[in-house]
Amino acid sequence: MTTSDPTAGPATTASETPDAPASKEELQRVVEERAAQAEAAEAEPVVNPTPAKKRAPAKKATATKAPAKKAPAKKAPAKKAAGAADDGTAAPVKATRKRTPAKRTVADTIAEPTEQVIAEQGGGTATPVVAPAPIAEPGSPSGAPAPQPEPPDPDPSEPSTPQAPGEDTQTPADGAAGTPAPVPGTDVTPPEAPSASAGEGGLTSGAGGEGEHDGTEEVTEEDLRAIVDGWSRDPHRVLGAHASGEGWVVRTLRPDATAVAVVDQDDARYEARQLHPGGIFEAALPTQPGDYRIEVTYGEDTFLVDDPYRWMPTLGELDQYLIGEGRHERLWEVLGAHVRRYETPRGTVEGTSFAVWAPNAQGVKVTGDFDYWEARAHPLRQLGAIGVWEIYVPGVQAGTHYRFHVLGADGVWRQKADPMAFATEVPPANASVVVETTHEWGDDAWLAERERGAWHERPMSVYEVHLGSWRQGLSYRELAEQLVDYAVGAGFTHLELLPVAEHPFGGSWGYQVTSYYAPTSRFGSPDDFRYLVDRAHQAGLGIIVDWVPAHFPKDDWALGRFDGTALYEHADPRRGEQPDWGTFVFNFGRTEVRNFLVANALFWAEEFHVDGLRVDAVASMLYLDYSREDGEWVPNVHGGRENLEAVAFLQEVNATVYREVPGVVTIAEESTAWPGVTRPTYLGGLGFGFKWNMGWMHDSLAYVGRSPVHRSYHHNQLTFSMMYAYSENYVLPISHDEVVYGKGSLLRKMPGDRWQQLAGVRGYLAYMWAHPGKQLLFMGSEFAQDAEWAESRSLDWWHLDDPAHRGVLELVTDLNARYRETEALWSLDVDPAGFQWIDANDASGNVVTFLRYGRPKVADVPTPTQAAESGADTVVAEDGGQTPGQALAVVCNFSGAPHHGYRIGLPRGGRWREVLNTDAEGYGGSGVGNYGGVDAVEEPWHGQPFSATVSAPPLGTLWLLHEG
């Protein structure tokens, strides 16, 4: 057995043969000698044993330089080898010529000894020259990387033994069989330099990795193996440029390379020797290499590439602190994949930074188009104790596909999409995609108007749309023209889009999200979606998107068990799984998970200018026993069924959105009687702007679904909603959930023949638009589609060739127009003063009549007190300088016959103009009406001082506006 002492000249030997193994005494002697030599080395560091006279400095003459010749950009790519160049380009280009061996350099002489060691001299190195590139602050020095884990099993998806192009095996450059002897190397703390803004990386000064290293530790075989196998927590500690002894070393990871050299900032070239058969090479340099590059040869092709391991972290100290605290509200700006450009002495370097949160992972690698999906060239470093892994890969451009390979806490490798991906492949493919926005917004006027908020006092008429089936085959940009023009033409104020975030299964309608930060690629790029929103805003149309923070699917390539543990989901299946949908439930008690979701809500508002978030399945979040039997759920700390962590999360997300993006609204789909859903968070509420009125929806649909002869026995279903109409800020939804799964279309819910069904739809919609609350109507209902909605096909647009169905669309258009014009229908929407019953009790006639009032106007006349004080003989306002607001009378006749001479009480005398009649012939009705209006006479009725007789059409609704 022969053991090599890196600090001694000749090797220390203990004789050993198969027949005569080394004795215990001989082995002990070798150990003692090595220990003594190590102590001596600490007292007086040993520099390179090569005699000084042979270490001539590198010449700057042209003859001694052999920089790599770059291949022409249009050259055909070389045939892909087992491992390819990882210079960040989509495919390597063939060099113009085979490289001629360069003239022997200083590095060649240094690299000759097999057991050469370069140790750091205590403080004797010269101050390195720092390239004038942006330099970010490194991570917190107190958060040093965790110790190396035990070597895991090899990644089963990757080759365990890298092969060089055209070779069956690969051995270390020094010719030794198997792995080389430990190679010493040191790291030093980068010298002080102006730091860039948080979140921007830059060139290192030679030191790599996170935190500080003591400068005396050796690079061992285990260190090299950890990098090659992908379980190193800090590959930058070994790779990159490091001060060592009297000079510097540059180590790089280039699997399958046949030759590697380092070209420093001055174009001096230094050959590298191979340290590990997995592709780690090292070159020794006499001075700091500055803005260096790596010259790498695969077979006959040579490329000059940048080194990912010379770059500092792209997350600054503040970013890391906020992530650790779960308070980084712009998380998408530092995690995920970002195209970044830095100015260096050699010119602009463009590449992509990758950062992912995986605190329990033993190792993370990024792979993609840029390395032919080999997953061997780019292990990430772990930044301190926050659990974020990061790398900057020069050359990776927008459009590149990528994934993470994550070595879980359980020792199993998993291929994962980026949780923060901003774009993805078109499903069923699931790789993440690097993107960079170039969209220029043109909606400044809309955003300025939106900022004044107060949407509860403004008109909101929402058209709910599933983008994939409105008209199948349309892209975001085509929808930006066709859908926007259609919705604007129909008079809607907002579009609500079923979840736009990426989802793998179209049949989920988008409600099982795998990429929360990526608009679905089914219809185009993220910038195409921006174009849709921008176009809508310029046309005066707001955009609301459905948002799904309640649960996520169990696809093994997505969020579930991301680092081998229950990371995003709750670990206890009684709280971490949703039995109804077979999905995972977010762990709302974990700060990083809340941060992920809160930042996501801001992301859609900030990056895509959306005007609202409709939060899906809120009830499933609020109750621990939601859809669970006894024994299947765990009570909270107080023994109750309320999910206190989810409550805190919803309060946080609402407070944050309303604070950071004025004018954006949040809407809860909450189907229970949970109190204070739309109450402000500072008053203990959940903080939503609006809540879907599910009670009104179910009751009113149940009522109109009955034959008119039976409706009188269920009259309370039409009036009960006003018992709680002002307990929350409500949206009245006729949503997608009501026209699928055998429930039938809105038209099919109506009894009777086809004329009666169409009349019932028209009368019901006018009642809905007049009821307190905002309106939401699912696509197809606006023209009374006959068939139940299916996400796999387009709407039945052929209905618009039928005058009866086109009449329903014309009615909806007029409803929206009259609604916008009539402030009585929205200015006091959340104020009981805006509503008054005329008669809620005519069950036998199947009629309800009520009044809607607008906000009183400030009068430019004196109050009675002011008039008395001044002695002026003038008209005064009754309510302290205010004039009454608008008044609108609504008559809903849900019987199958008209009511002629039907007297109703009215609060004001004079003319009441008929502004809407759903039975008008133009809509397909029978034409029963009031010849443009009625006159209220001073005859008390229904407790009102005035009254008028009207003709109430069958299955119809009238709107009568007071004109005085």
Side-chain angles (χ1 to χ4, degrees), residues 326 359-360 408-410 412 414 419 499 503-505 507-514 516 546-598 615-654 668-677 684-686 688 691-692 694-695 697-698 737 740-743:
N360 303 305
D410 53 2
V412 176
R414 293 171 174 83
H503 50 282
F505 176 49
S508 75
W509 312 334
Y511 289 100
Q512 294 200 10
V513 177
T514 48
Y516 278 79
D546 282 12
W547 189 52
V548 194
H551 61 112
F552 60 92
K554 295 182 178 180
D555 300 78
D556 57 8
W557 49 267
L559 295 179
R561 304 295 190 265
F562 190 82
D563 61 2
T565 66
L567 186 62
Y568 288 91
E569 65 274 28
H570 201 287
D572 188 336
R574 294 173 296 177
R575 297 186 65 179
E577 296 190 22
Q578 178 50 253
D580 279 356
W581 307 306
T583 52
F584 284 129
V585 177
F586 282 104
N587 184 355
F588 301 110
R590 185 162 190 167
T591 56
E592 299 94 338
V593 173
R594 289 207 311 270
N595 195 172
F596 174 82
L597 292 171
V598 171
V615 184
D616 182 65
V618 171
S620 73
M621 302 168 65
L622 293 176
Y623 298 97
L624 296 168
D625 62 345
Y626 185 90
S627 293
R628 292 176 172 86
E629 302 295 333
D630 290 342
E632 295 179 348
W633 61 282
V634 182
N636 62 33
V637 294
H638 304 295
R641 58 196 285 254
E642 298 81 11
N643 190 334
L644 303 180
E645 295 169 345
V647 170
F649 159 71
L650 291 171
Q651 291 175 324
E652 180 180 352
V653 72
N654 283 317
E669 186 217 13
E670 205 284 311
S671 55
T672 73
W674 185 282
V677 172
L686 295 183
F688 285 95
K691 171 183 174 176
W692 273 17
M694 312 292 279
M697 178 188 70
H698 289 300
D737 281 327
V740 291
Y741 295 150
K743 296 178 182 178

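Remember, predicted model here, so these are calculated numbers, not experimental data.
Here the straight-line distance linking atom CH2 of Trp692 with atom CE of Met697 works out to 7.5 Å at 0.5 Å rounding. Rounding to the nearest 0.5 Å places CG of Asn587 at 13.5 Å from CZ of Phe596. To the nearest 0.5 Å, atoms CD (Gln651) and CG (Leu686) are separated by 6.0 Å. One finds the NE2 atom of His698 at 7.0 Å from the OG atom of Ser671 (value rounded to the nearest 0.5 Å).
Nearest heavy atoms, His503 versus Ser508: CD2-OG, 4.0 Å. Here the closest heavy-atom approach between residue Met621 and residue Asn643 is recorded as O-CB, 3.2 Å. In this structure, Arg414 and Gly408 approach most closely via the heavy-atom pair NH1-CA, 3.9 Å. Heavy-atom minimum distance, Val618 versus Ala668: CG2-CB, 4.0 Å.
Annotation: side-chain contact (heavy atoms from CB on, under 4.5 Å) contacts of Asn636 (sequence neighbours excluded): Leu624, His638, Glu642, Leu644. Partners of Asn595 under the side chain to side chain donor-acceptor pair (under 3.5 Å) rule, at least two apart in sequence or in another chain, do not exist in this structure. Scanning for side chain to side chain donor-acceptor pair (under 3.5 Å) contacts around Glu670 gives Thr672, Lys691, with sequence neighbours left out. Residues passing the ring pair (Phe, Tyr, Trp, His ring centres under 6.0 Å) test with Trp633: none are found, sequence neighbours excluded. Remark: Asp737 pairs with no residue by the salt bridge (Lys or Arg N to Asp or Glu O under 4.0 Å) rule, at least two apart or across chains. Asp563 meets the salt bridge (Lys or Arg N to Asp or Glu O under 4.0 Å) test with no other residue; sequence neighbours excluded. Remark: Phe562 pairs with no residue by the ring pair (Phe, Tyr, Trp, His ring centres under 6.0 Å) rule, at least two apart or across chains. Scanning for side chain to side chain donor-acceptor pair (under 3.5 Å) contacts around Asp546 gives Tyr511, Arg614, with sequence neighbours left out. Remark: Asp572 engages Arg574 in a salt bridge (Lys or Arg N to Asp or Glu O under 4.0 Å) (not counting sequence neighbours). By the side-chain contact (heavy atoms from CB on, under 4.5 Å) test, Ser620 is found to be paired with Ala550, Gln578, Trp581, Ala617, Tyr626, residues two or more places apart in sequence or in another chain being considered. Partners of Thr591 under the side chain to side chain donor-acceptor pair (under 3.5 Å) rule, at least two apart in sequence or in another chain, do not exist in this structure.
For an aromatic pair to be called close, the ring centres must be under 6.0 Å apart, and Tyr568 with Tyr516 fails this.
Ring pair Trp674/Tyr623 is perpendicular by interplanar angle, where above 60° counts as perpendicular and below 30° as parallel. Aromatic ring pairs are classed by plane angle as parallel below 30°, tilted from 30° to 60° and perpendicular above 60°; the pair Trp547 and Phe649 is tilted. Using bins of under 30°, 30° to 60° and over 60° for the plane-to-plane angle, the ring pair Phe552/Phe584 lands in the tilted bin.
Side chain of Glu569 to backbone of Ala566: no donor-acceptor contact under 3.5 angstrom is found.
No side-chain heavy atom of Gln512 sits less than 4.5 Å from a side-chain heavy atom of Pro504. Within the 4.5 Å cutoff, no side-chain heavy atoms of Val585 are placed close to those of His570. Residues Phe505 and Pro553 fail the side-chain proximity criterion, which asks for heavy atoms closer than 4.5 Å.
With Phe588 as the fixed residue, the side-chain contact (heavy atoms from CB on, under 4.5 Å) test singles out one of Val647, Leu650, Leu597, Val593: Leu597.
Among residues at least two apart or in separate chains, salt bridge (Lys or Arg N to Asp or Glu O under 4.0 Å) pairs with a member in residues 577-595 are Lys554-Glu577, Arg590-Glu592, Arg594-Glu652.
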Is there a side-chain hydrogen bond (donor to acceptor under 3.5 Å, both in side chains) between Asp555 and Thr514? Walk through the geometry before answering. CA-CA 8 Å; Asp555 300 78; Thr514 48; over 6 Å; no
